[in-house]
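Step one of this worksheet: look at the structure below.
Computed over heavy atoms, backbone and side chain alike; hydrogens, waters and symmetry mates excluded.
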Amino acid sequence: MKVVIVGGVAGGATAAARIRRLDEQAEIIVFERSGYVSYANCGLPYYIGDVITHKEELTLQTPESFFARFRIIVKVRHQVTAIHPESHTVSVEDLETGRKFEESYDKLLLSPGAKPIKPGFFGGNSDRLFTLRTVEDTFRIKEYITKNHPKTVILAGGGFISLELAENLKNLGMEVTIVERLKQLMTPFDPDMAVFLHNEMRRNGVQLVLGRAVEGFREREGFVEVLLEDGESLQAHMAVLAMGVVPDTALAREAGLLLGRKDSILVNDRMETSIPDIYAAGDAVQIKNFVTGQDSLVPLAGPANKQGRIAADNICGNHSRYLGAQGSSILKAFDLTAAATGLSETAAKQAGIAADKVILSPMSHAGYYPGGKVMTMKVIFEKGTGRLLGAQIAGYEGVDKRIDVLSVAIHAKMQGAWLKDLELAYAPPFSSAKDPVNMAGYMIENLSKGMVKQFHLEDLEALPEDGSVTRLDVRTVEEYRRGHIEGFVNIPVDELRERLLELDPQKPAYVICQSGLRSYIACRILAQKGFDCYNFSGGYRFYQTVVQERCLIQDASPCGMDTISAASVNS
């Protein structure tokens with residue numbers, strides 16, 4: 001059997017190695033149009049920022065190492081220009097010599113990946129304007145910085161590459177501005193969780209221009225000028241276009257393969273395309289969202305590696321099936337870690353799923369052990385069934401292990417309340433006896449059993465102001481003085497039982513504290529005294545962080561609360 005693979009990196013290189021492990025006799029040829037067949041794509045920004053100091057560390061495999069270990073022929077700087085399914089051949093061009101030739105195959109695997117979105121106004125002729133997708137892109141940016149010592153940079157786009165570049169370029173001493181057409185960074189996160197990323201970026205001196213679309217670029221007297229949709233412009237010594245990626249599927253389209261969303265390659269769960277003996281994997285393919293079953297694009301390294309392995313299994317006659325992707329991801333932004341898995345609340349609503357949520361702010365480990373840090377968790381579940389749908393976490397320690405537990409729980413189709421039953425490792429330096437994941441389960445169970453009712457940030461504006469409801473803040477007097485929501489009266493929770501006569505049991509009570517725990521306790525007291533009580537999800541800390549960020553985006557002073565520093569928000 002002769003297998004031709006178009007494209008290396010995650011999907012193609014993984015498939016090539018797997019095919020060899022399954023079939024020692026197969027002839028395997030990989031064509032890669034760049035100069036690198038297998039490299040650490042996610043490490044590219046860290047090479048630019050001198051965190052990774054040797055370019056060789058970016059290369060996972062070379063053509064020579066592939067051949068030495070697996071007897072796989074890898075031809076870099078070779079571009080497949082056409083596929084001929086009827087003759088089982090592909091047309092190839094050697095980009096260094098210009099030589100063109102035909103290569104036959106028994107099985108063909110397409111792993112072309114994705115390409116940066118380049119609008120018509122890209123202005124690609126400017127030597128101050130860059131994209132970052134390949135190793136060559138990385139070296140180009142690094143060389144420009146080393147040679148020209150730019151002091152300012154504008155990053156167009158608010159996704160993974162932009163935020164990782166922002167940190168690395170800032171650490172090189174550059175002034176960094178991110179421009180994003182949406183009013184938030186990182187769309188895998190809900191707007192109310194993205195604010196923690198916004199805070200961290202601003203705290204480290206990165207300027208954010210949100211809700212403003214880039215309309216074009218032009219060179220001007222030693223600068224690149226970034227034109228915004230409202231006619232204004234920004235200028236910097238260099239700019240990087242990081243507006244996202246789209247499947248790179250021109251070759252598949254010309255070959256007659258069926259395409260799906262954003263011209264991605266349609267595959268079944270065996271990674272087979274619409275044409276026999278042609279498979280596809282990686283960022284270029286349309287897959288199923290594991291949670292919803294709907295068609296999706298998930299351009300991440302983890303799914304691409306899995307798809308490459310599954311394609312290889314089926315090419316070799318085994319029977320492997322791809323179950324879909326949850327989109328689990330994690331990001332380092334200076335000192336903050338932000339992670340997500342499954343559906344955001346926004347995505348759940350778009351999918352037509354009735355979703356609910358719990359928001360909590362637990363410590364990363366036992367509070368009595370020094371060094372614990374607060375994290376903010378948002379766990380989304382389906383109303384009625386309690387099925388886990390997704391989770392997002394922002395914090396400074398222990399975020400990665402909690403998101404991984406929640407990712408497994410979603411994959412196992414667990415109900416949110418079942419999280420309370422997970423037996424997770426505990427020692428004071430690492431966790432608490434009731435792990436944050438367990439705490440989310442307890443909260444969801446309390447909701448499902450009617451032990452507590454909650455209201456959310458988006459419900460605040462709808463609360464009547466005619467005196468027909470009680471608004472109650474149960475934090476300490478000092479906490480209340482430092483900042484509170486207008487209209488909420490203060491009765492500390494430890495005084496509540498003695499001051500019940502100050503409250504009207506005929507009025508619904510809406511209760512808030514700093515994180516949601518004391519207000520839950522207050523609601524249990526009130527509910528057992530006949531009150532209809534609602535606990536504020538996330539607490540005042542969450543409210544304060546989100547509302548201040550909304551006002552910053554709207555270029556207004558913080559509304560309905562005292563001005564606070566970013567450091568105090570995260571404390």
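Smallest separation of non-hydrogen atoms from Val291 and Gly342: CG2-CA, 4.2 Å. Heavy atoms only, all atoms of each residue included: Leu208 and Met201 are closest at CD2-CB, 4.2 Å.
Residues satisfying the ring pair (Phe, Tyr, Trp, His ring centres under 6.0 Å) test with His237, not counting sequence neighbours, are Phe223. With sequence neighbours excluded, the residues forming a side chain to side chain contact (heavy atoms under 4.5 Å, CB included) with Lys55 are Tyr47, Phe139, listed by chain and number. By the side chain to side chain contact (heavy atoms under 4.5 Å, CB included) test, Glu458 pairs with Glu345, Lys357, His456, sequence neighbours left out. Partners of Tyr144 under the ring pair (Phe, Tyr, Trp, His ring centres under 6.0 Å) rule, at least two apart in sequence or in another chain, are Phe130. Under the side-chain hydrogen bond (donor to acceptor under 3.5 Å, both in side chains) criterion, Ser34 pairs with Glu32, not counting sequence neighbours. Every residue two or more places apart in sequence or in another chain was checked for a side-chain hydrogen bond (donor to acceptor under 3.5 Å, both in side chains) with Ser344, and none qualifies. With sequence neighbours excluded, the residues that form a ring pair (Phe, Tyr, Trp, His ring centres under 6.0 Å) with Phe536 are Phe455. Arg218 meets the side-chain hydrogen bond (donor to acceptor under 3.5 Å, both in side chains) test with Glu225; sequence neighbours excluded. For Glu254, there are no side-chain hydrogen bond (donor to acceptor under 3.5 Å, both in side chains) partners two or more places apart in sequence or in a different chain. For Arg212, the side chain to side chain contact (heavy atoms under 4.5 Å, CB included) partners at least two apart in sequence or on another chain are Val209, Leu228, Asp230, Glu232.
Under the ring-ring contact (aromatic ring centres under 6.0 Å, His included) criterion, the residue pairs touching residues 286-309 are Phe290-His411, with sequence neighbours excluded. Contacts classified as ring-ring contact (aromatic ring centres under 6.0 Å, His included) and involving residues 156-175 (residues at least two apart or in different chains) are not found.
Test Lys401, Glu397, Lys373 against Ser364 for side chain to side chain donor-acceptor pair (under 3.5 Å) and you get one pass: Glu397. A side-chain contact (heavy atoms from CB on, under 4.5 Å) with Gln326 is found for exactly one of Val298, Ile410, Leu406, namely Ile410.
Gln286 places no side-chain N or O within 3.5 Å of a backbone atom of Ser264 that could act as its donor or acceptor partner. Counting only distance, with no hydrogens or angles, the side chain of Arg402 and the backbone of Gly398 share a donor-acceptor pair below 3.5 Å. Remark: side-chain polar atoms of Thr545 are paired, donor with acceptor, to backbone N or O of Arg541 under 3.5 angstrom.
Salt-bridge check for Asp137 with Lys142: failed, with every basic side-chain N at 4.0 Å or more from each acidic carboxylate O. Taking the charged nitrogens against the carboxylate oxygens, Lys151 and Glu175 have no contact shorter than 4.0 Å, which rules out a salt bridge.
For CZ of Arg387, the number of neighbouring non-hydrogen atoms (other residues, nucleotides, ligands) closer than 6.0 Å is greater than 12.
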